[in-house]
Structure formats: structure tokens, C-alpha cells
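Worksheet: the structure to be examined is printed underneath.
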Protein chains: 2
Amino acid sequence: MEEIDRRIVTLLAKDGRMSFTDLAKETGLSVSAVHQRVRRLERRGVVRGYSALVDYDEIGLPLTAFVSIKPIDPAAPDDAPERLSHLDAIESCHSVAGEESYILKVRVASPLDLEELLQQIRASANVSTRTTVVLSTPFDYRPPRIRTDEDAGDAAR
Amino acid sequence: MEEIDRRIVTLLAKDGRMSFTDLAKETGLSVSAVHQRVRRLERRGVVRGYSALVDYDEIGLPLTAFVSIKPIDPAAPDDAPERLSHLDAIESCHSVAGEESYILKVRVASPLDLEELLQQIRASANVSTRTTVVLSTPFDYRPPRIRTDEDAGDAAR
DNA sequence: TATGAAACCTGTGCAGG
DNA sequence: CCTGCACAGGTTTCATA
């Protein structure tokens with residue numbers, strides 16, 4: 001991906017509703033050229049979709065927690081993600097290196113709902129859980145800084 | 001927030017670029033009514049913004065990690081978030097209950113970049129770090145299920 | 001890939017209930 | 001808080017280079 005595509009993705013990550021007209025102004029391309037590039041980025045999966053960022057307090061899900069899970073039976077096949085995906089309180093599921101096998105991020109309305117969710121997680125995936133409650137969120141969902149080719153050198157320096 | 005607003009937010013969380021016309025169709029309201037509601041939701045901060053969801057592998061940041069931090073000097077004033085916000089590899093920063101004080105989610109290009117970032121984190125905020133590397137991400141950024149008023153009872157059951 | 005022009009569709013403001 | 005209308009501006013396609 002080269003410079004202009006990077007710029008487009010950066011802009012759309014910051015403002016997912018930016019118009020093609022504005023993207024064209026920012027990139028110096030014509031509207032149609034930008035249009036083609038955005039569609040291509042979507043098709044290639046560089047841009048996976050668009051989302052409104054929501055205030056979780058406002059929508060009645062003020063309690064966030066990280067839940068690390070570990071299989072009860074380490075010999076059993078690991079299909080935790082499929083077993084957990086029906087629980088829509090789970091926002092994300094990452095397989096991780098370390099003592100536990102997955103880290104989940106969950107959003108619930110109350111401590112009681114968290115308790116119920118943890119029971120569902122344990123029952124659904126046959127795992128033990130370790131929960132870290134979020135107290136506040138100084139920042140979240142910051143858009144990525146998209147690497148330029150020069151950045152590639154940074155790590156080597 | 002009542003039913004129609006909830007529906008609008010749900011739809012925009014799933015597709016941040018959905019047109020007002022389509023939102024109107026989905027809600028049964030006129031375009032202008034939807035328009036007013038969306039603007040109001042934005043003004044009230046229920047909708048905090050819009051973002052393109054990006055494939056981090058594709059943009060050259062294939063390595064994700066969770067970094068838990070703990071102050072070296074527990075007596076010092078805790079201004080870690082401000083001290084860390086300039087590091088744009090940090091996507092999110094949550095203050096948490098538990099042994100550590102914050103959990104950061106970071107995105108970098110390589111293990112070497114992760115090493116460098118950890119040094120910067122430790123130096124910038126005078127903290128120790130504990131890092132959990134993400135191996136794969138079965139799912140992420142799932143849109144929330146917005147609570148209906150009936151959901152309020154769930155926890156009590 | 002790029003462009004400009006044409007056709008069509010949306011966003012937005014306003015008058016009115 | 002709703003609707004419908006008007007028009008400016010955005011989106012999308014196409015012919016062309």
C-alpha cells in the first residue's frame with residue numbers, strides 16, 4: 001500500500017463518514033479516483049467496515065472488564081471462541097501467549113450482570129476465569145498511525 | 001434513550017456509513033426526523049464519532065499486545081495516561097482494579113518495535129510493565145447490543 | 001489508474017403541524 | 001418531535017486517456 005492509500009485509510013480511521021469530496025481535497029486526487037481507491041481498500045479488506053463509536057455509559061453498559069480464561073481440561077480441543085461468540089456482551093476475544101489462553105473484553109450493565117456473564121463463559125467454554133474490572137478509560141479506540149515506508153527503519157535503528 | 005434512538009445507534013454501530021435514507025427506512029421515520037435524532041445523539045455524546053475499522057496486518061502493524069503497568073513509586077502522583085498519550089502505538093488505556101494500575105493495548109510492527117515501545121512506556125511513566133502478546137484475534141470490535149428497558153430485569157432474575 | 005461530466009441519490013435547512 | 005419539500009452537494013458510473 002502506498003502513500004495515498006495510507007492517507008485515505010488514516011483519514012477514514014479518524015472520521016469514518018468523511019465524504020469522498022473531502023477525501024479528494026485532502027489527497028489531491030479527483031473524486032472518482034478516491035472513490036475507486038476506497039472501494040478497492042474495502043474489497044481487499046484493508047478497510048473492514050465502518051462503525052459509530054458509542055459511549056458505553058450512555059447506552060446502559062457502564063461496566064467494562066477484561067476476562068482472562070484458561071481451559072479446565074487442557075487436553076480438550078480448544079474451540080472457546082466459537083463457544084463464546086453467542087455472548088454478545090463479549091466485545092473482543094484475543095488468543096494470547098502467557099498463562100491464560102484468551103483475553104476477552106466484556107461490557108455489561110452491572111456487577112450482577114458481570115457475575116451472570118462469567119458463569120455463562122465458564123459453562124459455555126469449560127474454562128476458569130480471571131477478571132479485571134475497568135475503573136475508568138482515559139482513552140480508547142485511538143486510530144492507528146499508519147506506517148510509512150520510512151517507519152520500517154525505526155525498529156532497526 | 002428510547003426504542004428508536006436505540007435502533008439508530010445499533011444500526012450505526014454496525015454500519016457507520018449507513019445513509020439517513022436507509023436509517024429512515026429501518027426506523028419508519030422520515031429522513032429529517034432521523035437526521036435530527038442522529039445529530040442529537042452526536043451532540044449528547046451517545047455517538048462519539050465514526051471510524052473505519054482497519055485490518056492491522058494490512059497496515060503494517062501485525063503485532064498486538066496488552067501491557068499492564070504498575071508505578072515504580074506508588075507514592076508519586078498518578079499521571080500515567082497523560083504521560084503515555086503521546087505514544088500513538090497505544091490504542092487504549094484503561095485504569096483497572098487489581099494488582100496493576102492500567103492496562104494498555106498496543107499495536108506495533110515487530111517484536112523489536114514492541115521492545116522499544118516498552119522502554120518508552122517505562123521511561124515516560126516511571127512504571128514497570130507486564131506484557132501479554134496477542135497470537136490471534138478470533139473477533140474484535142463487535143458492536144454492542146444496546147439494552148432495551150426490558151433487559152434491565154435480566155440481572156435481577 | 002487517472003480524469004471530467006452526467007445522472008442520480010443524499011444531506012440539510014426550513015416551513016408548518 | 002414530527003413531516004414534506006427544495007436545492008446544494010455528494011455518490012456513482014461511464015467514456016476516455
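Predicted model, so just to flag it, every value in this text is computed and none were measured. Naming: A, B, ... by sequence-line order, numbering from 1 per chain.
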Quiz item: Atom CD in Gln119(A), atom CD1 in Ile121(A): separation rounded to 0.5 Å?
Solution: 10.5 Å

Quiz item: Can you pull the salt bridge (charged side-chain N to carboxylate O under 4.0 Å, His left out) pairs that have at least one residue in residues 56-74 of chain B, sequence neighbours excluded?
Solution: Lys70(B)-Glu99(B)

Quiz item: When every nucleotide of nucleotides 2-8 of chain C is labelled 5' to 3' by its protein contacts under 4.0 Å (heavy atoms), B for base, S for sugar-phosphate only, - for none, what sequence of letters results?
Solution: BBBB---

Quiz item: Which whole-number value in Å describes the distance from Arg39(A) CZ to dT1(C) P?
Solution: 17 Å

Quiz prompt | side-chain hydrogen bond (donor to acceptor under 3.5 Å, both in side chains) contacts in which one or both residues fall within residues 31-50 of chain A, not counting sequence neighbours | solution = Glu2(A)-Arg37(A), Asp5(A)-Arg37(A), Asp5(A)-Arg40(A), Arg39(A)-Glu42(A), Glu42(A)-Tyr50(A)

Quiz item: For DNA chain D, what residues of residues 15-22 of chain A have any heavy atom nearer than 4.0 Å?
Solution: Ser19(A), Phe20(A), Thr21(A)

Practice problem: Enter the inter-axis angle for the ends of the helix from dT1(C)-dA17(D) to dG17(C)-dC1(D) (five pairs per end, rounded to 10°). | Solution: 20°

Quiz item: So where does chain A start and stop touching DNA chain D, 5' to 3', when the test is distance under 4.0 Å to a non-hydrogen atom?
Solution: dG10(D) to dT13(D)

Exercise. Output yes when a side-chain donor or acceptor of Ser51(B) lies under 3.5 Å from a complementary backbone atom of Lys14(A), and no otherwise.
Key: no

Quiz item: How close or far is atom C1' of dC9(C) from atom NE2 of His35(B), stated in whole angstroms?
Solution: 15 Å

Practice problem: Applying side chain to side chain contact (heavy atoms under 4.5 Å, CB included), name anything that partners Glu82(B), two or more places apart in sequence or on another chain. | Solution: Asp79(B)

Quiz item: Is a donor on one side and an acceptor on the other found under 3.5 Å between the side chain of Arg147(A) and the backbone of Leu61(B)?
Solution: no

Practice problem: Could you list all the ring-ring contact (aromatic ring centres under 6.0 Å, His included) pairs where at least one residue sits in residues 118-137 of chain A, not counting sequence neighbours? | Solution: none

Quiz item: With Ser92(A), which residues qualify under side chain to side chain donor-acceptor pair (under 3.5 Å), at least two apart?
Solution: none

Practice problem: Can you sort out the partners of Glu91(A) under side chain to side chain contact (heavy atoms under 4.5 Å, CB included), two or more places apart, ordered by chain and number? | Solution: Tyr56(A), Lys105(A), Arg107(A), Tyr141(A)

Self-check item: Residues in side chain to side chain donor-acceptor pair (under 3.5 Å) contact with Asp78(B), at least two apart in sequence or another chain
Solution: Tyr102(B)

Practice problem: State, with a plain yes or no, whether a side-chain heavy atom of Leu63(B) is found less than 4.5 Å away from one of Pro111(B). | Solution: yes

Show me, pair by pair, the donor-acceptor contacts under 3.5 angstrom made by side chains of residues 131-140 of chain B, not counting sequence neighbours?
| from | atom 1 | to | atom 2 | distance (Å) |
| --- | --- | --- | --- | --- |
| Thr137(B) | OG1 | His94(A) | ND1 | 2.9 |

Quiz item: How about Arg17(A) and Leu12(B): do any of their side-chain heavy atoms sit closer than 4.5 Å?
Solution: yes

